[in-house]
Colleague: 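Dumping the structure here so I can ask a few things about it.
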Amino acid sequence: MLHRDFIRDLPQKVGSTVVVRGWIFRRRTAGKLCFIEVRDGSGVVQAVVKKGAVGDAEFEAADKVQLESSVAVTGTVRADPRAPGGVELSVTAFEVVSACIADFPLGKKEHGIGFLMEERHLYLRSRKPTAVLRIRAEVVRALREWLDGHGFTAVDAPIFTPAAAEGTANLFKVDYFGEPAFLSQTGQLYMEAAAQALGKVYCFGPTFRAEKSKTRRHLTEFWMLEPEIAFGDLDEVMGVMEQSVSHAVARVLERCRPELEALGRDLGKLENVKPPFPRVSYDEALKVLEGTPAAIAWGEDFGAPQEDAISARYDRPVLVHRFPMKIKAFYMRPDPARPDVALGCDLIAPDGYGEIIGGGERSSDLAYLEGKIAHEGLPKAAYEWYLDLRRYGACPSAGFGLGLERTVSWICGLDHAREAAAFPRTLNRVYP
């Protein structure tokens with residue numbers, strides 16, 4: 001196994017000789033000195049190559065090596081408060097592991113988003129996507145940490161499913177050994193089954209929506225966190241939403257501050273993200289929108305104008321609850337006190353990022369669900385297993401789905417959800 005030292009650990013190794021393996025980030029020459037910035041995924045360090053301190057061939061290699069070539073650099077760690085991380089390397093050996101065969105296609109000049117998406121496999125090496133992916137990893141870690149610490153059990157949901165969960169118009173259909181199947185829109189129905197076994201569960205995985213939408217909030221493949229609570233209700237699940245999201249934001253502020261600063265994020269806005277979140281009913285929201293360009297008639301769903309207008313009134317996410325039943329999925333439970341509205345809610349992020357969570361209570365009424373399935377023209381045979389949950393020990397349950405890319409986009413302050421995925425899939429992109 002090749003020896004290497006990670007750049008993130010170098011401040012604790014001042015005076016030691018180390019071997020850093022990574023890629024050329026920047027390079028400049030000044031006479032008999034060559035200043036090379038090397039990155040290894042854990043950080044960036046400046047390596048100073050001095051003529052005479054290394055062999056002539058090594059100095060020439062350092063002087064001519066192209067950006068993004070992979071290298072192995074041996075040197076002594078020296079404290080330098082001016083350098084990134086407070087240290088730099090005095091190089092004693094320099095090896096080009098693999099040189100670029102041509103100029104790296106991404107330079108300092110501005111590139112259009114189409115070009116950057118086409119070269120996504122190379123653009124990932126840049127500071128911005130690197131910072132985003134680190135933050136994304138921390139968000140995932142923090143959400144799992146909160147749920148695991150509050151009695152939830154992780155259960156994986158299938159990707160192939162026999163039927164739609166949230167409308168047939170946005171399904172990806174595939175051939176499954178001669179039978180039709182679909183890529184999962186959500187793992188929620190399966191989490192209801194798992195909750196009746198384990199009490200409190202969640203899945204965290206990819207989901208697929210064949211929506212022909214080009215907004216900055218939409219991807220065709222995205223990751224969703226979906227907790228489900230047996231015997232849960234709307235108030236309980238709204239509490240889980242605000243607590244878990246607040247925990248994730250706090251963890252990012254604690255552990256990813258340099259990445260947030262590299263993205264130019266306003267940290268003060270994130271520091272406001274603490275429970276409780278404001279709770280506004282759909283009816284109350286419509287009254288707020290009256291007389292504004294975002295006003296809509298009762299029964300219409302929220303779009304970006306409505307979400308933005310409501311969220312602009314608050315300094316943290318807002319929970320909008322009890323939307324009309326007719327715009328919600330077939331499994332949502334009607335409010336017994338008012339059957340035309342659902343016991344559900346959306347969590348809307350501030351600063352124009354819109355809905356990042358949707359959820360609520362599920363109906364446990366077998367006859368009601370059979371009627372909804374028939375009314376919406378869904379194939380009952382594909383849902384028999386789901387209806388069995390109501391035939392055998394039905395109980396109230398509640399849960400939600402959190403869109404990871406939308407959440408990361410908001411936390412990072414990104415322009416588009418595609419920037420929150422390593423290799424985004426959109427209406428017109430399935431490469432690389």
Side-chain angles (χ1 to χ4, degrees), residues 155-198 201-213 218-230 232 299 301 323-335 339-344 346 358-401 403 425 427:
V155 177
D156 296 327
I159 297 301
F160 292 117
T161 64
E166 299 191 0
T168 57
N170 57 10
L171 288 167
F172 282 107
K173 187 176 181 180
V174 296
D175 178 82
Y176 195 75
F177 303 107
E179 296 292 329
F182 306 94
L183 297 183
S184 175
Q185 300 165 309
T186 171
Q188 179 232 307
L189 305 189
Y190 297 96
M191 291 305 99
E192 289 188 45
Q196 292 194 18
L198 296 162
V201 299
Y202 71 93
C203 63
F204 207 157
T207 52
F208 307 85
R209 302 282 174 91
E211 294 180 76
K212 293 185 177 180
S213 175
H218 284 86
L219 297 172
T220 56
E221 176 186 327
F222 57 97
W223 279 61
M224 266 217 295
L225 171 71
E226 298 182 88
E228 194 72 25
I229 306 169
D301 202 357
F323 283 81
M325 277 297 302
K326 65 181 182 180
I327 59 174
K328 288 301 179 182
F330 76 92
Y331 49 75
M332 293 297 291
R333 184 188 177 203
D335 188 339
D340 61 339
V341 299
L343 289 173
D346 290 349
E361 295 185 33
R362 326 307 188 182
S363 175
S364 60
D365 186 321
L366 174 61
Y368 174 79
L369 286 175
E370 287 177 327
K372 289 289 287 186
I373 288 171
H375 180 264
E376 297 191 17
L378 300 173
K380 186 182 177 186
Y383 294 94
E384 287 297 339
W385 71 269
Y386 184 67
L387 296 173
D388 274 350
L389 303 179
R390 275 69 183 171
R391 296 183 180 111
Y392 304 105
C395 71
S397 72
F400 63 82
R425 296 294 178 251
L427 180 60

Colleague: Mind checking whether S184 and Y190 have side chains closer than 4.5 Å, heavy atoms only?
Modeller: no

Colleague: Using a strict threshold of under 4.0 Å (side-chain N to carboxylate O), is an ion pair present between K328 and E361?
Modeller: no

Colleague: Is there a side-chain contact (heavy atoms from CB on, under 4.5 Å) between F172 and T220? Walk through the geometry before answering.
Modeller: CA-CA 9 Å; F172 282 107; T220 56; 4.1 Å; yes

Colleague: Kindly assign one of parallel, tilted or perpendicular to the pair Y386 and F330, based on the angle between their ring planes and the thresholds 30° and 60°.
Modeller: perpendicular

Colleague: Considering all heavy atoms of both residues, which atom of I373 and which atom of K380 are nearest to each other, and what is their separation?
Modeller: CG2-CA, 4.1 Å

Colleague: Taking all non-hydrogen atoms of both residues into account, name the closest pair between M325 and P334 and its distance.
Modeller: SD-CA, 3.8 Å

Colleague: If the test is side chain to side chain contact (heavy atoms under 4.5 Å, CB included), which one of M191, E228, E226 qualifies with V155?
Modeller: M191

Colleague: Can you see which heavy atom on S364 is nearest to which on C395, and at what distance?
Modeller: CB-O, 3.6 Å

Colleague: Output, in order, the C-alpha distance, side-chain angles, deciding distance and verdict of side-chain contact (heavy atoms from CB on, under 4.5 Å) for R390 and R362.
Modeller: CA-CA 11 Å; R390 275 69 183 171; R362 326 307 188 182; 3.9 Å; yes

Colleague: Quick one: does T161's side chain get under 4.5 Å of Q185's, heavy atoms only?
Modeller: no

Colleague: For W223 and T207, what are the C-alpha separation, side-chain angles and deciding distance, and is it a side-chain contact (heavy atoms from CB on, under 4.5 Å)?
Modeller: CA-CA 6 Å; W223 279 61; T207 52; over 6 Å; no

Colleague: Is there a side-chain contact (heavy atoms from CB on, under 4.5 Å) between E221 and L183 once you walk through the steps?
Modeller: CA-CA 10 Å; E221 176 186 327; L183 297 183; over 6 Å; no

Colleague: Looking only at heavy atoms, which two atoms of A195 and A230 are closest? And how far apart?
Modeller: O-CB, 3.6 Å

Colleague: Which atom pair, heavy atoms only, marks the closest approach of A165 to T186?
Modeller: CB-CG2, 3.3 Å

Colleague: Could you tell me which non-hydrogen atom of L387 sits nearest to which non-hydrogen atom of E370, and how far apart they are?
Modeller: CD1-CG, 4.1 Å

Colleague: For the residue pair Q188 and E192, confirm or rule out a side-chain donor-acceptor distance under 3.5 Å.
Modeller: yes

